[in-house]
Number of protein chains: 2
Amino acid sequence: MVDTVEQMGGKQFSNLSASIVATLKERIIHWQYPPEHRLTEAELCQKFGVSRSPVREALRTLATDGFLKKMPNRGYAVKQYNFHEIEELYEVRLALELYVVECLAKRGAPKKDEIDALKRTWTCLLNESSKKDEDLARLDTLFHETLAHAAGNKSLLRHLRAINERLLLFRMIDFGKAHRAERTCHQHLEILKRIAAKDVAGARKAMQQNIEEGRNNVHAAIKDALARAYSF
Amino acid sequence: MVDTVEQMGGKQFSNLSASIVATLKERIIHWQYPPEHRLTEAELCQKFGVSRSPVREALRTLATDGFLKKMPNRGYAVKQYNFHEIEELYEVRLALELYVVECLAKRGAPKKDEIDALKRTWTCLLNESSKKDEDLARLDTLFHETLAHAAGNKSLLRHLRAINERLLLFRMIDFGKAHRAERTCHQHLEILKRIAAKDVAGARKAMQQNIEEGRNNVHAAIKDALARAYSF
DNA sequence: ATGAGTCAAATTGTATACAATCTAGAGTAC
DNA sequence: GTACTCTAGATTGTATACAATTTGACTCAT
């Protein structure tokens with residue numbers, strides 16, 4: 001099976017390296033490459049039909065982004081996050097997102113039109129009969145990133161994006177749980193209400209509940225169902 | 001003037017790219033390359049006497065680390081942080097470090113030997129007549145990273161390191177201020193005391209004071225002295 | 001003088017060849 | 001059977017050549 005980079009979703013990239021990064025990220029997120037799956041430069045060159053230079057750049061990028069791990073002289077492998085590491089990612093996320101809502105509750109709400117758009121999207125998605133876990137997870141991520149964006153700190157947003165991108169893999173598990181989407185929607189509205197009311201402590205608490213519920217779902221799901229693929 | 005990568009501090013690196021990254025980082029931090037100074041692959045190849053491959057990798061790394069900015073088809077340039085961006089970095093740092101002390105105050109103090117070592121180092125440095133700003137800034141950074149390490153979250157530590165490394169440039173300004181070292185030392189001891197007493201709110205407050213004082217010093221210094229080099 | 005068009009230089013993107021290093025397995029001595 | 005050595009293969013690191021793109025200045029027509 002020979003892939004071509006051009007197939008990749010129809011999106012255009014400025015160079016081969018960026019395109020390869022996007023392709024591999026997509027595959028890793030969708031579990032098409034299992035954890036610990038090895039990737040070598042030569043193999044990818046052949047599959048994508050490109051030279052080592054762009055492949056090499058792409059692998060380095062993915063390694064620094066935490067999608068791959070580098071094994072000296074043995075190539076790269078899809079990084080397998082253990083239970084503890086996932087918890088750590090959630091903790092950093094919590095720290096940053098609590099700060100976001102604190103800022104917003106203190107010095108003014110996010111832009112009304114953005115928030116309204118999010119509310120509408122949630123409503124549409126919940127009414128649909130076929131709710132894909134991935135769509136829900138992406139919408140959830142979008143909500144949190146919209147808040148971060150509204151806080152107006154680009155550096156904060158960048159760090160949060162890096163973490164959320166990596167957690168997307170596990171958040172899909174989160175939304176696999178029954179009625180999780182409805183609960184999340186409810187929690188999001190609560191967060192917005194508290195921010196609007198400039199209730200700093202309340203907003204922090206609402207955000208903490210939202211994030212920790214997700215974390216607990218992932219926590220439980222991993223222990224239950226994924227013990228085979230992911231050995232702790 | 002032809003540099004050789006081997007000169008670089010005597011440290012050994014596994015490959016040329018890592019060595020170039022370290023060299024350039026060092027120079028940027030010491031203002032040997034002014035903000036907006038342009039760096040092209042070809043120029044660095046000639047200076048270091050190596051080929052484009054490792055130089056290219058190094059430049060990409062420095063760009064993603066926030067030391068350089070990439071200008072499409074115009075090479076790279078030393079990133080000039082404006083006032084607002086520095087404030088943003090300090091905010092993210094604050095969010096993460098508040099979380100660190102909160103964790104520590106809640107679930108147990110850092111290791112005693114590490115803390116004692118820090119205390120001793122502070123004492124030595126304060127007694128020396130020649131206090132270099134850079135040494136003080138590095139010790140300050142070390143203190144904060146030791147706390148983060150004690151919190152036991154590797155992901156958190158990585159994000160914090162990235163921010164602190166970038167802020168080192170400005171923290172040297174911070175310690176240029178008279179008696180700042182003594183004040184910082186005092187504040188650090190206060191933080192440790194509150195953590196030991198499991199006083200969460202007190203520890204957060206002490207940390208916030210410490211960080212915001214530094215931020216204000218940098219804030220003022222930049223407005224005063226650096227308006228020439230750094231145009232806002 | 002001003003604007004469009006053109007071309008050389010600068011710069012990055014990609015391919016490929018070669019060098020250095022490490023891994024793992026086969027083979028051999030004991 | 002076990003441990004040791006040596007070697008072939010795998011893999012990354014580095015150098016270099018070539019292609020593609022963009023920039024900026026120069027020319028020429030208006």
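Source: prediction; values computed, not measured. Letters A, B, ... mirror the listed sequences (proteins, then strands); counts begin at 1.
Whole-Å rounding puts the Leu16(B) CG to dA20(C) P distance at 13 Å. Atom CE in Met71(B) sits about 16 Å away from atom P in dA10(C), given to the nearest Å.
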Quick one: which protein N/O atoms are closer than 3.5 Å to N/O atoms of nucleotides 7-11 of chain D? Pair and distance per line, please.
from, atom 1, to, atom 2, distance (Å)
dT11(D), OP1, Arg38(A), NH2, 3.3
dT11(D), O3', Gly75(A), N, 3.4

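Between Ile191(B) and Asn210(B) there is a side-chain heavy-atom pair separated by less than 4.5 Å.
Contacts between residues 52-63 of chain B and DNA chain C, defined by a heavy-atom separation below 4.0 Å, involve Arg52(B), Arg56(B), listed by number.
Between the side chain of Asp174(A) and the backbone N or O of Val218(A) there is no donor-acceptor pair closer than 3.5 Å.
Residue Phe67(A) holds its CZ atom at 11.5 Å from OG1 of Thr61(A), rounded to the nearest 0.5 Å.
Between Glu36(B) and Lys69(B) there is a salt bridge, since a side-chain N of the basic residue sits under 4.0 Å from a carboxylate O of the acidic one. Between Glu43(A) and Arg38(A) no salt bridge is recorded (no basic side-chain N to carboxylate O distance below 4.0 Å). Residues Glu85(B) and Lys154(A) are not paired through a salt bridge, judged by the lack of any N-O separation under 4.0 Å between the basic side chain and the carboxylate.
OP1 or OP2 of dA15(C) has at least one side-chain nitrogen or oxygen of Ser51(A) nearer than 4.0 Å. Contact check, Lys70(B) against dT11(C): no side-chain N or O comes under 4.0 Å of OP1 or OP2.
For Arg56(A), the salt bridge (charged side-chain N to carboxylate O under 4.0 Å, His left out) partners two or more places apart in sequence, or in a different chain, are Glu41(A), Glu57(B).
Checked against Asp65(A) for a salt bridge (Lys or Arg N to Asp or Glu O under 4.0 Å), the options Lys25(A), Lys79(A), Arg60(A) give a single hit: Lys25(A).
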